[in-house]
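All of these numbers come straight from a predicted model, not from anything done at the bench. First the proteins, then the strands, lettered A, B, ... as listed; each starts at 1.
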Amino acid sequence: MSSRIYDSIKDKIKEILKEHYNLDTEVVWNKPPSPKMGDISFPLFNIAKIQKSTPDEIGKRIIEKLSVPKYINKLELKDGFLNIFLEKNSFAKKTLLETIKQPNYGQNTSKASERIIIEHTSSNPVGPLHIGNVRGSVLGDVLGRLYKFQGAAVNVRYYINDLGRQIAPLIIGYNLLMEEKVKPDSKIDLWIGKIYAIVNTFLEIQQLKYQLKVLNIKIKTESKLYELNPEDVKKYLSHLENSKTEQQEKDNLTKWLQKLERVSTSLQKRLPKLYSLLFNLVEDNIEDLNKLTIEYVIKYQEGKDEEIVSSFREVSREAISGHVTTLNLFNIFHDDFDWESDVAWSGEVTHILKELEQNSVLRHDGHARLLANDKIATNFGFKEKYNIKYEIPDLIIVNSEGITLYPCRDIAYHLHKLDKFDATFCYNVISKQQQLAQLTVRLALYALGNQDIADRISHFDYEYVSLVGRKMAGREFEYVTPDELYDAVKTEVDLLLKERNYTEEESQEISRKVSASSVKYYILKMDPQKAVAFDVKKAVSLNENTGPFLQYSYARALNILKKAKEEKIDFQTILDSAQDLKFEIEKKEEWDLLQLIEELPSIIVKAVDSLRPDSIANFSYSLASTFHKFYDVCSVLKAETEELKATRMILVYSTIKCLESLFEIMGIDTLERM
RNA sequence: GGACCAGUAGUUCAGUGGAUAGAAUGGCUGCCUGCGGAGCAGUUGGUCGUCGGUUCGAAUCCGAUCUGGUCCGCCA
């Protein structure tokens with residue numbers, strides 16, 4: 001907890017301790033459990049202990065010396081705490097005058113000297129974004145907005161992983177459909193996701209059959225190369241059971257068989273038309289899908305075959321364009337896009353490997369090459385610097401066939417990434433699964449003599465999102481997309497809006513903004529470190545701690561001022577003469593609201609310093625919720641006295657300003673009516 | 001086997017050394033001639049995974065331990 005007024009009282013107490021006891025110690029404050037014990041309290045135990053005195057003695061001394069600022073009403077000692085009762089009216093005046101004065105309340109320049117790169121989303125271009133990826137998008141977006149709000153220059157980048165083996169089967173299927181002039185049956189990235197899942201299944205079926213053949217597990221069958229029917233699976237399983245294969249391998253193959261059977265049946269059921277269309281196309285045109293896949297991958301990695309290059313790029317671009325459309329729904333935008341393939345083609349990876357080799361930090365083991373993470377961490381002072389006490393595992397970066405794996409490109413990418421924006425710091429908002437890979441990148445930079453770069457890169461990690469009861473799997477076309485959540489909410493909202501008298505245009509704007517905020521806020525409000533089982537029902541809810549709830553509070557607050565205008569109350573004059581106004585805080589609800597307003601600036605600072613974008617959402621909820629309570633109990637326009645009316649109007653106005661700042665940071669739209 | 005993260009009300013979560021652990025949701029009950037009911041109020045519900053330690057004080061820090069997720073040699 002932090003607050004400017006409270007901190008200033010704290011500083012006074014610190015001064016007294018320094019002056020009186022020559023004591024330089026940290027003083028903490030907190031909120032008493034009950035208002036009867038005051039508004040703010042200071043525990044005196046540790047000071048008493050250092051001074052070999054009692055809390056009461058210390059407290060008495062502080063009270064004696066504390067020249068009471070005008071917003072302190074009463075001081076009290078109780079159970080070792082110094083309890084302070086604030087003079088609410090002066091507190092209100094100080095806080096609200098400040099709020100009125102600032103154009104964007106809570107904005108500051110504490111990060112003005114920073115230039116921040118934020119990489120987020122960076123999803124593979126083989127399907128639509130799902131709620132798992134979008135968790136990173138939302139966190140990255142809000143982190144960037146927090147920095148911007150505090151004066152930093154922010155550059156948001158998307159790293160396109162277009163070199164994956166997985167893309168090749170997608171390209172093959174996509175091209176076959178193009179030749180047949182088949183049109184997408186859905187949003188482009190979703191369509192790509194379908195093609196990928198289907199053709200990849202064919203590929204896996206072929207690979208599995210090949211493996212079984214190698215082990216001499218053969219069955220009599222009528223089925224085609226890319227087909228796996230249930231009867232064959234049964235036969236395979238019984239052959240496998242009786243074969244002399246190692247148990248471990250038996251288990252793996254059994255699992256694989258079962259999985260592929262499940263996936264192919266499920267895909268056939270859910271996408272019957274596309275499945276059979278692609279099946280026939282691949283069966284008729286592709287003799288050896290596996291071989292072709294490898295050929296494509298190698299050719300793209302080399303980057304010289306123009307046809308292949310343009311195919312990969314085209315499909316990737318299509319997928320990413322779908323991602324961008326989705327992200328834009330939620331006010332999430334990227335400034336730049338980097339291609340993994342560009343990094344590969346630059347030839348830098350070869351140099352890096354050579355240098356790592358020369359520096360003796362590559363470990364050859366069997367046939368693969370690993371980056372000697374622990375050795376680097378120890379020798380270059382990394383462990384000491386970051387207080388790492390365990391052994392860091394080595395990571396394979398070149399496989400036994402001499403093919404460089406993605407961490408190599410990641411290292412090359414990060415060598416120049418900060419230069420692209422002349423950045424002071426870079427956050428990679430990437431799921432926790434990438435922890436070791438991300439650490440490896442930084443260690444490689446250490447080994448290459450680029451500690452200065454490595455120390456300015458941070459992995460902002462977040463836990464995975466699963467579905468209630470099952471896992472999300474792109475390969476199986478199993479996921480919940482933010483698009484479908486958005487649509488589900490929108491249907492609900494449209495229904496609500498039908499009962500109100502809005503024009504079609506207004507209605508569309510409102511439902512768009514409400515739906516977007518609903519989905520975005522739901523993802524934002526969860527602690528990044530917590531794995532979440534996603535509940536679709538809750539995600540589309542419009543009540544309680546949701547985006548629409550906040551928007552509703554805003555509209556309600558705004559409406560009071562609108563109403564005031566109708567009643568010919570000149571609020572501008574009230575604002576202009578606020579300096580001379582006698583502020584009056586009468587009820588608990590006003591006081592609660594006021595304190596949250598006062599707290600907002602420090603909440604913003606803390607959110608970025610502790611890397612908790614989600615804390616903004618939770619604070620917004622308490623503010624909105626407190627406002628509703630205030631609204632219910634305190635009549636603004638019909639307040640008993642002019643002073644009370646003016647104070648309440650300014651409270652409403654300040655709440656609006658708070659919400660505007662919070663919405664700005666969360667990238668959620670405000671609504672005047674809904 | 002090692003590492004990282006999580007474990008708080010029936011459920012979903014907030015709470016990163018302070019007094020009596022907070023919301024929401026489910027169930028039950030009230031408030032629309034009122035500044036917008038997408039709201040508010042009441043009621044019910046917790047050995048903060050377990051055991052120790054540090055401390056005047058622990059959900060919070062340390063150590064063990066259990067459970068779940070993820071990563072640790074050829075996918076990204």
Side-chain angles (χ1 to χ4, degrees), chain A residues 1 28-34 37 41-46 48-49 55 78-81 83 124 126 161 163-167 340 363 365-370 373 388-401 403 405-407 409-410 431-437 439 461-464 466 493 496 500 514 525-533 535 538 541-546 548-549 551-553 555-564 566-567 610 612 614-615 617-619 621-622 624-625 627-639 648-649 652 673-674:
Chain A
M1 228 185 284
V28 291
W29 64 267
N30 63 286
K31 292 238 153 195
S34 152
M37 303 179 193
S41 78
F42 294 85
L44 303 168
F45 305 100
N46 57 340
K49 199 181 170 195
K78 189 173 166 36
D79 301 336
F81 292 86
N83 291 339
N124 295 332
V126 292
N161 305 108
L163 275 189
R165 276 206 169 151
Q166 43 187 341
I167 302 185
E340 187 184 5
R363 182 159 69 82
D365 202 347
H367 301 286
R369 276 181 281 174
L370 300 89
N373 281 336
I388 294 172
K389 299 212 171 74
Y390 57 91
E391 187 180 331
I392 302 171
D394 297 346
L395 187 74
I396 293 187
I397 60 171
V398 181
N399 76 9
S400 53
E401 289 162 40
I403 293 175
L405 305 180
Y406 81 100
R409 273 152 258 140
D410 250 14
S431 87
K432 180 152 258 134
Q433 289 184 319
Q434 295 280 348
Q435 212 166 34
L436 183 60
L439 186 59
D461 61 349
Y462 59 92
E463 271 286 356
Y464 236 64
S466 60
V493 175
L496 271 174
R500 309 189 184 186
V514 169
K525 75 176 178 185
M526 341 192 250
D527 179 345
Q529 293 302 320
K530 284 191 179 166
V532 196
D535 189 332
K538 285 198 173 127
S541 155
L542 301 174
N543 302 330
E544 306 311 332
N545 191 359
T546 63
F549 178 84
Q551 287 169 318
Y552 179 58
S553 326
R556 257 185 149 182
L558 217 57
N559 220 37
I560 294 176
L561 299 187
K562 228 189 278 173
K563 195 88 179 181
E566 282 168 22
E567 291 179 15
S610 61
R612 288 290 299 272
D614 58 306
S615 67
N618 287 310
F619 177 80
Y621 173 63
S622 26
S625 167
F627 174 73
H628 282 298
K629 284 169 194 167
F630 161 83
Y631 182 97
D632 230 53
V633 178
C634 304
S635 179
V636 177
L637 301 180
K638 291 191 177 119
R648 286 181 181 171
M649 284 185 83
V652 171
R673 302 200 293 163
M674 61 188 280

Residue list, side-chain hydrogen bond (donor to acceptor under 3.5 Å, both in side chains) with A:Glu463, at least two apart or on another chain: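 Residues passing side-chain hydrogen bond (donor to acceptor under 3.5 Å, both in side chains) with A:Glu463: none at all.
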What residues, two or more places apart in sequence or in another chain, satisfy side-chain hydrogen bond (donor to acceptor under 3.5 Å, both in side chains) together with A:Ser553?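 Once residues adjacent in sequence are excluded, the partners of A:Ser553 under the side-chain hydrogen bond (donor to acceptor under 3.5 Å, both in side chains) criterion are A:His628.
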Taking only the [atom1] atom of each, what is the distance from [N] to [M] in whole angstrom?
| N | M | atom1 | value |
| --- | --- | --- | --- |
| B:C62 | B:G1 | C1' | 24 Å |
| B:A14 | B:G57 | P | 29 Å |
| B:U44 | B:G27 | C1' | 8 Å |
| B:C56 | B:G17 | C1' | 12 Å |
| B:U11 | B:U50 | P | 15 Å |
| B:C48 | B:U20 | P | 14 Å |
| B:U43 | B:C35 | C1' | 29 Å |
| B:C71 | B:U54 | C1' | 32 Å |

Whole Å only: how far is the [atom1] atom of [X] from the [atom2] atom of [N]?
| X | N | atom1 | atom2 | answer |
| --- | --- | --- | --- | --- |
| A:Glu401 | B:C75 | CD | C1' | 12 Å |
| A:Asn373 | B:C71 | CG | P | 17 Å |
| A:Asp365 | B:C72 | CG | C1' | 14 Å |
| A:Arg409 | B:A76 | CZ | P | 6 Å |
| A:Gln433 | B:C71 | CD | P | 5 Å |
| A:Ile403 | B:G73 | CD1 | C1' | 15 Å |
| A:Asn399 | B:C75 | CG | C1' | 10 Å |
| A:Asp410 | B:C75 | CG | C1' | 14 Å |

Treating A:Arg612 as the side-chain partner and A:Asp527 as the backbone partner, does any N or O pair qualify as donor plus acceptor under 3.5 Å?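 Not a single qualifying donor-acceptor pair exists.
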A:Lys525 side chain vs A:Asn545 backbone, donor-acceptor pair below 3.5 Å: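 Side chain of A:Lys525 to backbone of A:Asn545, a donor-acceptor pair under 3.5 Å: yes, one is there.
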What is the minimum heavy-atom distance between A:Phe81 and A:Ser41, and which atoms define it?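 Nearest pair, atom of A:Phe81 first, then A:Ser41: CD2-OG, 4.0 Å.
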Smallest separation among heavy atoms of A:Pro43 and A:Val28, with atom names: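 Shortest heavy-atom separation between A:Pro43 and A:Val28 comes out as CD-O, 3.4 Å.
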Identify, between A:Lys78 and A:Arg363, the residue whose nearest nucleotide on RNA chain B lies closer to the 5' end.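 It is A:Lys78 whose nearest nucleotide is closer to the 5' end.
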Of A:Pro32 and A:Gln434, whose nearest nucleotide on RNA chain B comes first from the 5' end?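 Whichever sits nearer the 5' end wins; that is A:Pro32.
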Looking only at the side chain of [X] (C-beta and beyond, no hydrogens), which of the listed nucleotides [options] gets closest?
| X | options | answer |
| --- | --- | --- |
| A:Gln166 | B:A19, B:A76, B:C74 | B:A76 |
| A:Asn83 | B:C74, B:C56, B:A19 | B:A19 |
| A:Asn161 | B:C56, B:U16, B:A76 | B:A76 |

Just checking [X]: base, sugar-phosphate only, or nothing, at a heavy-atom cut-off of under 4.0 Å?
| X | result |
| --- | --- |
| A:Leu405 | sugar-phosphate |
| A:Ser622 | nothing |
| A:Ser553 | nothing |

Between protein and nucleotides 1-14 of chain B, map the contacts as a letter string: B base, S sugar-phosphate only, - none, heavy atoms under 4.0 Å, written 5' to 3'. --SSSSS----SSS
Annotated protein contacts, base or backbone, on nucleotides 33-44 of chain B with a non-hydrogen cut-off under 4.0 Å, one of B, S, - each: --BBSBSSS---
Strictly by Watson-Crick or wobble contacts shorter than 3.5 Å, is anything paired with [N], and which nucleotide is it?
| N | answer |
| --- | --- |
| B:G52 | B:C62 |
| B:A6 | B:U67 |
| B:G39 | B:C31 |
| B:U16 | none |
| B:A24 | B:U11 |

Sequence neighbours excluded, which residues qualify as side chain to side chain contact (heavy atoms under 4.5 Å, CB included) partners of A:Leu436?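 So A:Leu436 forms a side chain to side chain contact (heavy atoms under 4.5 Å, CB included) with A:Asn373, A:Ile392, A:Pro393, A:Leu395, A:Thr440.
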Which residues pass the side chain to side chain contact (heavy atoms under 4.5 Å, CB included) test with A:Gln433, not counting sequence neighbours?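 Result, side chain to side chain contact (heavy atoms under 4.5 Å, CB included) vs A:Gln433: A:Ser431, A:Tyr464.
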Less than 4.5 Å apart, any side-chain heavy atom of A:Ile403 and any of A:Arg165?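 Yes, close enough: below the 4.5 Å cut-off.
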4.5 Å side-chain heavy-atom contact, A:Asp461 and A:Pro528: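 Counting from C-beta outward, A:Asp461 and A:Pro528 never come under 4.5 Å.
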Looking at A:Tyr631, I'd like to know if the NZ or CZ of A:Arg556 sits under 6.0 Å from its six-membered ring centre while staying within 45 degrees of the ring's axis.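 Yes.
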Syn or anti for B:C32? Use the chi torsion, O4'-C1'-N9-C4 for purines and O4'-C1'-N1-C2 for pyrimidines, with syn inside 90° of 0.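 Syn, since the glycosidic angle lies within 90° of 0.
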Considering residues, nucleotides and ligands other than A:Gln529, do more than 12 of their heavy atoms fall under 6.0 Å from its CD?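 Counting other residues, nucleotides and ligands, CD of A:Gln529 exceeds 12 neighbours.
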When you compare the ring of A:Tyr621 with the six-membered ring of B:A23's base, are the centres less than 5.5 Å apart and the planes under 30° from each other?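 So no, this residue does not stack on that base, at least one cut-off failing.
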